[in-house]
There are 2 protein chains.
Amino acid sequence: MTAPRWRSLRATHCETIEAMPKKVDHQERRTLIADALMRVAADQGLEAVSLRHVAAAAGVSAGMVQHYFRTKDEMMAFAMAVVRERGQARVTEALARLGENPAPRLLLRTMIAALLPLDDRTRDDGRVALAFLAYTAVRPASATGLRADTMQLTSFIASVLPSGDTAEGAGLLALMEGLGVYLLGGQYTAEQALGALDAQLDLLFGSSAAA
Amino acid sequence: MTAPRWRSLRATHCETIEAMPKKVDHQERRTLIADALMRVAADQGLEAVSLRHVAAAAGVSAGMVQHYFRTKDEMMAFAMAVVRERGQARVTEALARLGENPAPRLLLRTMIAALLPLDDRTRDDGRVALAFLAYTAVRPASATGLRADTMQLTSFIASVLPSGDTAEGAGLLALMEGLGVYLLGGQYTAEQALGALDAQLDLLFGSSAAA
DNA sequence: TCAGATGCAATGCAGTTGTATTGCAACGAG
DNA sequence: CTCGTTGCAATACAACTGCATTGCATCTGA
């Protein structure tokens with residue numbers, strides 16, 4: 001296995017590099033490994049993430065993982081960044097699927113539903129995100145990125161709400177996070193979660209019509 | 001060290017036991033160890049929980065931990081149960097501090113505030129709970145207790161809401177959970193979280209007065 | 001062509017993990 | 001006073017951890 005299928009897209013943003021006597025795309029390799037890490041974390045938990053497990057899941061040697069991440073923490077941090085980027089990508093993609101300027105309520109519902117772990121595909125991402133949440137609850141230093149994301153989202157949500165209230169925006173975001181947690185824990189079904197979300201939007205938009 | 005300071009309260013509820021040629025209270029020892037486990041988990045993360053670490057934190061030998069929990073998973077499960085019981089105790093205590101039949105809104109605010117990790121004392125419990133959440137997201141089998149708790153809480157909350165709507169109750173509970181997560185992650189301050197909670201109660205109770 | 005850099009595999013190593021086993025002191029029942 | 005049970009400590013052990021080191025094939029720029 002491991003047929004030479006690399007050399008695909010070369011340097012996504014290789015800047016200020018003059019002498020490069022190599023061939024492989026570092027960023028690509030790293031995301032490949034990070035993907036494997038997330039697969040391991042998704043179905044065995046973060047504590048099962050080790051250099052060798054990740055290497056096995058990625059189908060590469062343990063030495064290669066070490067080659068691309070000098071330390072395990074570096075690998076974890078990179079994977080965390082990938083999770084964040086994926087979340088953001090899902091949001092922007094979901095928003096792009098709505099036309100030019102959609103109704104605020106539909107916009108919020110679409111965005112939040114895109115971020116909830118409602119199906120098996122997003123469930124794995126959610127599990128990893130939750131694991132990282134617990135991980136960073138102990139290491140507050142490595143959560144600055146998450147913090148920025150959250151603040152950005154709250155202000156955006158608030159700006160779309162009819163009231164424009166920041167507290168209401170923060171509440172809606174927290175409700176989303178809680179729904180995600182309960183979905184992952186199996187406490188809520190997808191229907192229950194969406195029902196709660198719609199009920200909340202009813203409250204915020206003052207209407208009683210369904211989405 | 002380890003002066004013989006046991007033999008403290010004997011058998012909390014030793015029933016149907018005829019021959020007991022021993023002296024220590026099993027349950028007490030187990031909760032003592034579970035406390036140490038939670039201390040370790042709170043400030044080093046769940047992955048730092050090992051027999052020896054817990055034993056050291058409890059000030060006992062590793063052999064004793066093994067004596068009271070035949071396997072690590074058994075210890076984890078017990079600690080999880082303790083966390084759940086503490087949460088429930090905090091709720092009932094907070095409710096008891098309110099008089100006979102308090103206003104629904106005040107009742108909900110008090111109950112939810114009691115469950116949020118707002119100060120350093122409850123912060124540790126929250127960290128442990130979050131870690132366990134991530135833990136059980138991978139092992140769904142050991143989360144049946146949590147599921148029951150959640151369902152119980154949702155129905156109770158819904159019964160207190162003016163609308164009596166189950167979806168609104170589920171939403172409020174999810175909002176609480178999300179606030180807890182963001183508090184632990186440092187994304188929200190205590191003021192922001194309480195502000196969001198009050199805003200939500202404003203929505204649910206249709207008033208604009210503060211708590 | 002030929003250093004030198006790079007990609008990557010293999011191995012070694014000290015430390016930690018969960019668990020099984022052993023040994024011994026203290027106790028209760030007979 | 002035994003004797004078996006229990007409480008607990010100590011140790012052994014194989015598996016695993018993250019990391020450092022070594023070795024080699026391949027490519028690059030001169």
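Chain naming here is simple, since letters A, B, ... match the order of the sequence lines and numbering starts at 1 in each.
At least one side-chain heavy atom of A:Met64 sits under 4.5 Å from a side-chain heavy atom of A:Arg29.
With D:dC8, D:dA20, C:dC8 as the choices, the nucleotide that has an atom nearest any side-chain atom of B:Ser61 turns out to be D:dC8.
Atom CZ of B:Phe69 and atom P of D:dC8 are 13 Å apart (whole Å). One interatomic measurement links the two molecules: CD of A:Glu28 to P of C:dC8, which rounds to 10 Å at whole-angstrom precision. If you take CZ of A:Arg70 and P of D:dG18, they are 17 Å apart, rounded to a whole angstrom. Between A:Met75 atom CE and D:dT17 atom C1' there is a gap of 12 Å when expressed in whole angstrom units. In this entry the distance linking CZ of A:Arg30 with P of C:dG7 reads 12 Å, nearest Å. Between the C1' atom of D:dC24 and the NE2 atom of A:His67 lies a distance of 14 Å, rounded to the nearest Å.
Salt-bridge check for A:Asp25 with A:Arg30: failed, with every basic side-chain N at 4.0 Å or more from each acidic carboxylate O.
Checking the phosphate oxygens (OP1, OP2) of C:dC8, a side-chain nitrogen or oxygen of A:Arg29 falls inside 4.0 Å. Side-chain N/O atoms of A:His26 include none lying less than 4.0 angstrom from OP1 or OP2 on C:dT6.
Side-chain atoms of A:Thr122 and A:Asp119 form a donor-acceptor pair, as typed in the model, at a separation below 3.5 Å.
Listed by first then second residue, pairs satisfying side chain to side chain donor-acceptor pair (under 3.5 Å) with a partner in residues 38-56 of chain B read A:Arg139-B:Glu47, not counting sequence neighbours.
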Please report, to 0.1 Å, the donor-acceptor pairs under 3.5 Å made by any side chain of residues 143-159 of chain B, with sequence neighbours excluded.
from, atom 1, to, atom 2, distance (Å)
B:Arg147, NH2, B:Pro140, O, 2.8
B:Asp149, OD1, B:Arg84, NH1, 2.9
B:Asp149, OD1, B:Gln88, NE2, 3.3
B:Asp149, OD2, B:Arg84, NH1, 3.2
B:Thr150, OG1, B:Leu146, O, 2.9
B:Thr154, OG1, B:Thr150, O, 3.2
B:Thr154, OG1, B:Met151, O, 2.6
B:Ser155, OG, B:Met151, O, 3.2
B:Ser155, OG, B:Gln152, O, 2.9
B:Ser159, OG, B:Phe156, O, 2.6

Would you list the protein and nucleotides 14-18 of chain C atom pairs, both N or O, that sit under 3.5 Å from each other?
from, atom 1, to, atom 2, distance (Å)
C:dT17, OP1, B:Ser50, OG, 3.1
C:dG18, OP1, B:Lys72, NZ, 2.9
C:dG18, OP2, B:Leu51, N, 3.0
C:dG18, N7, B:Arg52, NH2, 2.5
C:dG18, O6, B:Arg52, NH2, 2.7

